[in-house]
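Accompanying notes for the structure given below.
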There are 2 protein chains.
Amino acid sequence: MAERISDAEHAVMEVLWDDSPLTAQDVAERVDPARGWSAATVKTLLGRLLAKEAVRHDVDGRRYLYSPAVQREEYVEGESRRLIDRLFGGRLTPLVAHLAERDALTEQDITEIEALLRELKQ
Amino acid sequence: MAERISDAEHAVMEVLWDDSPLTAQDVAERVDPARGWSAATVKTLLGRLLAKEAVRHDVDGRRYLYSPAVQREEYVEGESRRLIDRLFGGRLTPLVAHLAERDALTEQDITEIEALLRELKQ
DNA sequence: CTGGCATGATTACACCTGTAGTCGATAGGA
DNA sequence: TCCTATCGACTACAGGTGTAATCATGCCAG
């Protein structure tokens, strides 16, 4: 469980998180075209994700219908935690401070986050 | 320039960001003991970081004194951006929301971030 | 002066990753 | 019934990564 999902594999997961179950061909058609992948590449990635138990497949005749076996939430949580632990000593505040300094926060971002935090305090 | 710094290499960079210049041996002694690395491993990583031009070395007799060639700020910026782009469509708010939902924010975090945002608005 | 030790360079090697081609089976059309 | 298009499985292969041993060289102690 929970073997690390690589970057290329992640692109496949995004397709399945968006809609599933899908055949390998469906996935190949929907995956980010910027990748420029052949259908064979997508099949390989699906195979690896199966081996990692990050997706499952239901048999439909002689093909598979793939679905995510890990939730996006779960993946996002892991990746976020990893980054924040590695770079910010596990604290979110320095990340926000960092982005703020780099002008990476718009006025709207700030307002949204403030509203969010206000809700949290109740 | 700016070839990707791997995870193991990052552990070495942290040592140099904390204090530099250092000899290879110094680095080996200070690197996170949890890694359990032999001195040889640290030397390999320093060599690779040199090749990537992420560190530079000044010659000191027959040894090197290593220093970072990329700033921590720069690295942190790149990694943060990468994550936020990949997982949150480039926006910070969903990240904060996400962590909030997962109870990953303490009362103190919230207070600190609020104070930070208040300052930003001025 | 000489031998051993420290140091960077070179080499090693298995596993992961990105990218894709080939193979064997099979379902569906002619 | 038989051929072919399709599908997953298997194979391929170069480059990156984690982890480390070995090699060559030059400095210092004896």
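Naming convention: chains lettered A, B, ... in sequence-line order (proteins, then strands); numbering from 1 in each chain. We use all heavy atoms of the structure for the numbers below, so side chains are in, but hydrogens, waters and symmetry mates are not.
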To the nearest Å, give me how far apart [atom1] ([X]) and [atom2] ([N]) are.
X: A/Asp7; N: D/dG15; atom1: CG; atom2: C1'; answer: 16 Å
X: B/Leu45; N: D/dG18; atom1: CG; atom2: P; answer: 7 Å
X: B/Arg63; N: D/dC27; atom1: CZ; atom2: P; answer: 13 Å
X: A/Glu3; N: C/dC15; atom1: CD; atom2: P; answer: 13 Å
X: B/Leu46; N: D/dT19; atom1: CG; atom2: P; answer: 15 Å
X: A/Asp26; N: D/dG8; atom1: CG; atom2: C1'; answer: 15 Å
X: A/Glu29; N: D/dT6; atom1: CD; atom2: C1'; answer: 14 Å
X: B/Leu65; N: C/dA6; atom1: CG; atom2: C1'; answer: 15 Å

Verify the contact: side-chain N or O of B/Thr23 to OP1 or OP2 of C/dT7, cut-off strictly under 4.0 Å; return yes or no. no
Does C/dG18 have OP1 or OP2 sitting under 4.0 Å from an N or O in the side chain of A/Lys43? no
Heavy atoms only, 4.0 Å cut-off, all strands: where does B/Thr44 land among base, sugar-phosphate and nothing? base
Look at all strands and tell whether A/Thr41 reaches a base, only sugar-phosphate, or nothing, counting heavy atoms closer than 4.0 Å. base
Choosing from [options], which nucleotide comes nearest the side chain of [X]?
X: B/Tyr64; options: C/dA9, D/dT17, D/dA9; value: C/dA9
X: B/Ala40; options: D/dG18, C/dA6, D/dA21; value: D/dA21
X: A/Arg62; options: C/dT17, C/dG8, C/dA25; value: C/dA25
X: A/Arg48; options: C/dG8, D/dA12, D/dC27; value: D/dA12
X: A/Ser38; options: D/dG18, C/dA20, C/dG18; value: C/dA20
X: B/Ala24; options: C/dA20, D/dG8, C/dG8; value: C/dG8

Side chains of A/Thr41 and A/Ser38: any donor to acceptor distance under 3.5 Å? yes
State plainly whether the residues [X] and [Y] are in salt-bridge range, i.e. N to O under 4.0 Å.
X: B/Glu114; Y: A/Arg118; result: no
X: B/Glu79; Y: B/Arg4; result: yes
X: A/Arg86; Y: B/Asp7; result: yes

Whichever of B/Gln25 and A/Trp37 has its nearest DNA chain C nucleotide further upstream toward 5': B/Gln25
Listed partners of B/Trp37 passing ring pair (Phe, Tyr, Trp, His ring centres under 6.0 Å), at least two apart: none
